[in-house]
Amino acid sequence: MKELPTRYNPQENEEKIYESWMEENLFHADEKGSGKAYCIVIPPPNITGVLHMGHALNNTIQDILVRWKRMQGHDALWMPGTDHAGIATQNVVERELAKNGLKRRDVGRDNFLKKVWDWKEEYGTTIIRQLKSLGCSCDWDRTRFTMDEGLSNAVKEVFVRLYEEGLIYKGDYIINWCPRCSTALSDEEAEHCDIEGMLYYIKYPVKGSKSIEKENEDYIVVATTRPETMLGDVAVAANPKDKRYSFLKDKTLVLPIVERELKVVFDRDVDPDFGTGALKVTPAHDPVDFELGRKHSLDSINVMHPDGRINSLGGKYEGMDRFECRKAIIKDLKDRNLFIKSEQHLHAVGHCYRCHTVVEPRLSKQWFVKMKPLAKEGIKVVKNGEIKFHPERWTKVYLNWMENIRDWCISRQIWWGHRIPVWYCKDCLKYKDVRDVNITKPGEDGVHVGGEKPEKCSVCGGENLEQDPDVLDTWFSSWLWPFSTLGWPEEGPELDKFYPTDALVTAQEIIFFWVARMIMAGLKFKKDIPFRDVYIHGTVRDATGTKMSKSLGNVIDPLDVIKDVGSDALRFSIISITSQGQDVFLSKDKFDIGRNFANKLWNASRYVLMNVEEKNLTGDIDPADLTLADKWILDQLGRTIEKVDKNLKAYRFNDAAAVLYDFIWHKYCDWYLEISKFSGNKETVHKVLIEVLKVSLKLLHPFMPFITEQIWQSLPVQKEKWIITSPWPIKQKKFDDQESSLEMERAVKIITAVRNVRAFWNIAHTAEIEISLEPKVKKSGKLSEDAAAYVSKLCKCRIIENMSEQDQAKIRKIEVLAEGIKILVGLSEDIVDLEKEKTRVSKKLEDIEKYLTGINNKLKNKKFTENAPADIVDKEKGKQAKWKEERDFLKGNLAALK
RNA sequence: GGGCGCAUAGCUCAGUUGGUUAGAGCGCAUGCUUCACAUGCAUGAGGUCGGAGGUUCGAGUCCCCCUGCGCCCACCA
């Protein structure tokens, strides 16, 4: 038997324990194992990231699930890995280059990629190390990276298949463009937030008018939030029902400054109530306008460079940044008396989710995936319950998005990522630049789609082939994660055993980015759902409710907390305060919960180990030797096992944690340990102490893996070597004992009542008092011998059986009633103040009268007695009897005091 | 414009299908340096469950409306 150090030292021990688990390879899940498979896949953190509280919460939950299932005997696989995060990582490396005054084009594509790989090798595993310090029991030997060869093959395979089915196309569309990152973004990657911007009203003259004086005759007024886009205007649109503009029917307008002629088109999509009802049409720079342009066969004039500067089509504004240009144009319009006014206007503006630059809707040629056919299947499996969201409300959010899904822009004009596996034959294609190729259907001449570069063109035999310069959206590899990490497209025992996985634990932010797409990919390529349950946890916020983010400086770094109080304390705390799917409001003091609990568990264990004698621990517990407290704690232990299982099954982690906290602290420590100090036969008590501790440690292990393992290693009994792989406890029916639990609860209430008297009258804890316990209510009966002994010991009192009138007269007695037992507490005259006692009793009496009135009224109500179920009515009657008893008792007390 | 969430003790929050006197942690008050633990022990105070209405024998819990806060989605030029 090892002795535990006086103080628990997580800083020192957690790392050691983790290493010993790793050495023994205990996180490994055997794909050929005989256990039932249980698999979860990590939401791959991106390689530029560092562990934040969101990760801590997310991964603690997953670790709880996987440890729980592992102990239940499953072959439990937690598949770890990281995500290459194309734009984010490229930005990081570009910043490094910028320190030397270099841009990525200066070093060239191949050199640049080499630098990114170097960066990845050096820094890309930071987050993995941090997950280890959190205690995550991932199967690290299986760690995957989205740019690994295997996963890259999966990406190519998927691209080719989608292309061949006609689900991938390339063409000119308005997409979200980040001028800073200089790439297209998907709709999900543009974060919209409301901005108090300006709506500018500008005069557009009618061609041929001599002056600009009369509105809707000489000129019309258009309203826009982005005046700089007028450089690309090709028309003005109005609603055909809008009479104000019917005069424009055969007219042409003149674009101010640029002096371009603008067509007038009428379209029902134009809202007459917005602005002036006249809409300037810029097909190359606005999605609505783009649609109008297509419908009315208008040209598109793209006036911007990729970096957001105005290009040569912008005339005198060429070279200006878009916002600079906005100012210049407004000034010029004012100078020419073409500017009417500007007003405040709240509207949603897209921002790049990686660099927060304002996104520019921009016409460009990109690759897309047709999503509707994929979404159809994804909707079905959620509607029919094959995949369940927890909490359920996310189902609606998911379905709403899926039902309104739009095509996915998957090409990015960056270098870090999976290069699009398409080669163009420059001889066959008439285009000068391969960027200009449109692809609307599979099998276009001169376009070669496949995993490898073809030797020569299949059409002309030429060898002048050039690969598409773009890379794929990072999520185009992430959406394959549940099966690509298991070896797909190759078949194998891993894929076979662990797919479909069991649960996905993630944050709401990536339901669209990731969850929905994984479902679609799984159904499309594996013909099966990727997971059965999706648990969406809340967002971690600071104490004021703001989302924690590095840029706001309001983060609490999990690593600091781990350094401070240990990973166990961090884990237990964050789980305790996170109820199902609700956001978490975090502040440093919240971690006291876990720290204090770990300390409590440590000290209780220390006490047990110091006191039990090894010789008493052999053999089973003999039910015949059990005292009341033994029976009670074993019964409660069984209930605790059931509750923990029930709550884990329902993804109610905080409830499971609360059940354990209450059992270990308030039942085992507060009562059982205290009673064990004086009651029962040593041999049995030692066995029970250890048995309950053992089971408690196991139940707590998924939540606090380190401390439970460390204490486990010190236990002096026959046991499995490691708690992490020991079998999960099962309730032992033979210890069910409701009767004892009820009797124990009675004793607890009586003890509390007597302690209350002691505290109220300020009796020194060293002073012994005399009490008499007398059953008042027939059915309650006498307190059992054990219970009476607990009362006597824990209240430091001498129990006098059947106190005689004579004895009673000798003392100033305080009478209390608890659990049908009348308690006479003997106190000496000088302690008891008659007035104080009168006040105490009267106050209590008042409260009881209130309850009683309520119950009486209820029972008088015929509707209640006739309609309510019999057991409820009986309960009420029972309450009534109890309160009547208590009231009469107190009345008697009060009378005696007068 | 649609959708969702929250409002319960001084603070932060639980409260599962409606049914004992609505719970926890922190904080507060009082008393304890009792040999596992002051990161502790004991006892206690503190709530007309945001407002109005409805369903029901019975509502913190279900329905409708209102108020305040927060989030998500949408081509509000």
Side-chain angles (χ1 to χ4, degrees), chain A residues 4 6-8 174 192 199 222-226 229 237 269-271 273-276 278-282 286-291 345-348 361 391 393-394 396-397 400-401 404 508-509 511-512 538-539 541 543 545 547 565 569 576-577 579-587 589-590 592-593 595-611 646-647 650 652 654-655 658 661-662 669-670 673-674 752 755-760 762-766 794 847-848 850-851 854-855 858 861-869 871-873 875-876 878-879 882-883:
Chain A
L4 292 172
T6 315
R7 288 202 84 81
Y8 176 55
I174 285 271
H192 291 267
L199 188 60
V222 299
T224 178
T225 53
R226 296 186 295 149
T229 63
D269 285 350
V270 179
D271 177 4
D273 296 327
F274 187 90
T276 60
L279 166 68
K280 66 189 241 356
V281 183
T282 325
D286 189 279
V288 180
D289 298 10
F290 179 72
E291 274 311 307
H345 178 64
L346 187 73
H347 62 143
R393 68 185 133 93
W394 295 108
K396 218 170 149 183
V397 176
N400 183 50
W401 186 77
N404 297 292
Q508 50 151 77
E509 292 103 79
I511 293 182
F512 307 140
T539 308
R541 299 173 185 283
K547 191 174 162 180
V565 296
S576 295
I577 60 175
S579 74
Q580 221 193 16
Q582 282 304 337
D583 286 356
V584 195
F585 292 71
L586 208 58
S587 56
D589 57 330
K590 294 273 167 65
D592 288 350
I593 301 169
R595 182 196 61 162
N596 295 355
F597 186 48
N599 181 258
K600 188 74 183 175
L601 176 69
W602 182 259
N603 282 299
S605 306
R606 214 157 55 83
Y607 169 81
V608 171
L609 294 185
M610 277 181 336
N611 286 282
K646 188 183 122 210
N647 285 316
R652 301 181 69 94
N654 63 319
D655 287 338
Y661 184 95
D662 179 64
C669 293
D670 286 352
L673 235 55
E674 291 308 318
T752 306
R755 280 174 174 172
N756 182 353
V757 172
R758 290 190 74 121
F760 187 82
N762 234 333
I763 317 292
H765 70 277
T766 45
L794 294 175
D847 289 343
I848 289 165
K850 238 187 284 167
Y851 299 140
I855 295 166
K858 210 167 179 181
N861 189 341
K862 271 197 181 155
K863 279 182 189 164
F864 172 70
T865 48
E866 280 163 18
N867 293 320
D871 59 320
I872 298 289
V873 178
K875 255 188 202 169
E876 289 297 320
K879 272 195 283 179
K882 195 180 136 198
W883 289 121

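Sequence lines set the chain letters: A, B, ... in the order given, protein chains first and strands last, and positions in each chain run from 1.
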Give me, pair by pair, the N or O atoms of the protein and of nucleotides 25-29 of chain B that are less than 3.5 Å apart, along with how far apart they are.
unit_1 : atom_1 : unit_2  : atom_2 : d
G25(B) : OP1    : H666(A) : NE2    : 3.3

task = Specify the separation, in whole Å, of atom CG of D871(A) and atom P of G58(B).
result = 17 Å

task = Please measure how far the C1' atom in G25(B) lies from the corresponding atom in G15(B), and state the result in whole Å.
result = 15 Å

ask   = Roughly, in whole Å, what's the span from NE2 in H765(A) to C1' in C41(B)?
value = 11 Å

ask   = Is the shortest distance from a Lys or Arg side-chain nitrogen in D655(A) or K646(A) to a carboxylate oxygen in the other one below 4.0 Å?
value = no

query = Which residues satisfy the side chain to side chain contact (heavy atoms under 4.5 Å, CB included) test with K882(A), sequence neighbours excluded?
reply = none

ask   = Roughly how far apart, to the nearest Å, are A22(B) and C63(B) at atom C1'?
value = 22 Å

request  = Would you mind reading off the distance between W602(A) atom CH2 and C37(B) atom C1', rounded to a whole angstrom?
outcome  = 13 Å

message = Stem finding on RNA chain B, please: runs of three or more consecutive Watson-Crick or G-U wobble pairs, both distances under 3.5 Å, sorted by first number.
response = B:1-7 with B:67-73, B:10-13 with B:23-26, B:28-32 with B:40-44

message = Would you compute the distance between atom OG1 of T865(A) and atom CD1 of I872(A) and round it to the nearest 0.5 angstrom?
response = 13.5 Å

remark   = Atom CG of N603(A) and atom P of U39(B) are separated, to the nearest Å, by 11 Å

task = Rounded to the nearest 0.5 Å, what's the gap from CZ on R606(A) to OH on Y8(A)? Could you check?
result = 14.0 Å

inquiry  = Nearest 0.5 Å, please: how far is CG in D269(A) from CG in L279(A)?
reply    = 10.0 Å

ask   = From R652(A) CZ over to Q580(A) CD, what is the distance, rounded to the nearest 0.5 angstrom?
value = 5.5 Å

request  = Nearest whole angstrom, please: distance from the C1' of G3(B) to the NZ of K396(A).
outcome  = 6 Å

query = Expressed as a whole number of Å, how far does the C1' atom of A29(B) sit from that of G46(B)?
reply = 11 Å

remark   = Rounded to the nearest 0.5 Å, the CH2 atom of W401(A) sits from the CD1 atom of I511(A) at a distance of 10.5 Å

request  = Considering only atom C1', compute the distance from C26(B) to A9(B) and round it to an integer number of Å.
outcome  = 12 Å

Close N or O pairs between protein and nucleotides 44-49 of chain B (under 3.5 Å):
unit_1 : atom_1 : unit_2  : atom_2 : d
G44(B) : OP1    : N756(A) : ND2    : 3.3

task = Indicate yes or no for a side-chain donor-acceptor contact from D286(A) to the backbone of T282(A) under 3.5 Å, with no hydrogens or angles considered.
result = no

query = Using the P atom in both, what is the distance from C62(B) to C4(B), to the nearest Å?
reply = 14 Å

inquiry  = With rounding to the closest Å, how many angstrom separate the C1' atoms on G18(B) and U55(B)?
reply    = 12 Å

query = Separation of R606(A) atom CZ from U39(B) atom P, in whole Å?
reply = 14 Å

message = When you compare the side chain of R226(A) with that of P361(A), does any pair of heavy atoms fall below 4.5 Å?
response = yes

query = Are the side chains of L586(A) and I577(A) in touch, meaning some heavy atoms are under 4.5 Å apart?
reply = yes

query = Heavy-atom distance under 4.5 Å between the side chains of F864(A) and E876(A), does that happen here?
reply = yes

inquiry  = Would you say that N654(A) contacts S576(A) through its side chain, given a criterion of any heavy-atom pair below 4.5 Å between the two side chains?
reply    = no

Between C65(B) and G2(B) - P atom distance, rounded Å = 13 Å

inquiry  = Closer than 3.5 angstrom, by distance alone: can the side chain of N611(A) be matched with the main-chain N or O of Y607(A) as a donor-acceptor pair?
reply    = yes

message = Generate the contact string for nucleotides 17-22 of chain B. Rules: B means base contact, S means sugar-phosphate contact only, - means no protein heavy atom under 4.0 Å.
response = --BSB-

ask   = Looking only at heavy atoms, which two atoms of A604(A) and L673(A) are closest? And how far apart?
value = CB-CD2, 4.0 Å

Within-4.5 Å side-chain heavy-atom neighbours: K280(A) and T229(A) = yes

remark   = Those residues at least two apart in sequence (or on a different chain) that pass side chain to side chain contact (heavy atoms under 4.5 Å, CB included) with T539(A) are Q508(A), E509(A), R541(A), K547(A), D583(A)

task = Between A598(A) and T865(A), name the one whose nearest nucleotide on RNA chain B is closer to the 5' end.
result = A598(A)

With 3.5 Å as the limit, what N/O pairs link the protein to nucleotides 13-16 of chain B?
unit_1 : atom_1 : unit_2  : atom_2 : d
A14(B) : OP1    : S579(A) : OG     : 2.8
A14(B) : O5'    : S579(A) : OG     : 3.4
G15(B) : OP1    : R652(A) : NH2    : 3.1
U16(B) : O2     : R652(A) : NE     : 3.4

Heavy-atom protein contacts under 4.0 Å, nucleotides 71-77 of chain B, coded B base, S sugar-phosphate only, - none = --SSBBB

message = Test of understanding: with side chain to side chain contact (heavy atoms under 4.5 Å, CB included), list the residues that count as partners of F274(A), not counting sequence neighbours.
response = L199(A), D271(A), H345(A)

Salt bridge (Lys or Arg N to Asp or Glu O under 4.0 Å) partners for K600(A), two or more places apart = none

ask   = Considering residues at least two apart in sequence or located in another chain, which fulfil the side chain to side chain contact (heavy atoms under 4.5 Å, CB included) criterion with K863(A)?
value = N861(A), N867(A)

message = Would you measure the distance from the C1' atom in G54(B) across to the matching atom in G10(B) and give it in whole Å?
response = 34 Å

message = Any heavy-atom pair between the side chains of N603(A) and T6(A) that's under 4.5 Å?
response = no

Inter-residue atom distance C669(A).SG - L601(A).CG, 0.5 Å rounding = 7.5 Å

Pairs under 3.5 angstrom, nitrogen or oxygen only, protein versus nucleotides 61-63 of chain B, please.
none

ask   = Does R595(A) put a side-chain nitrogen or oxygen below 4.0 Å from OP1 or OP2 of U39(B)?
value = no

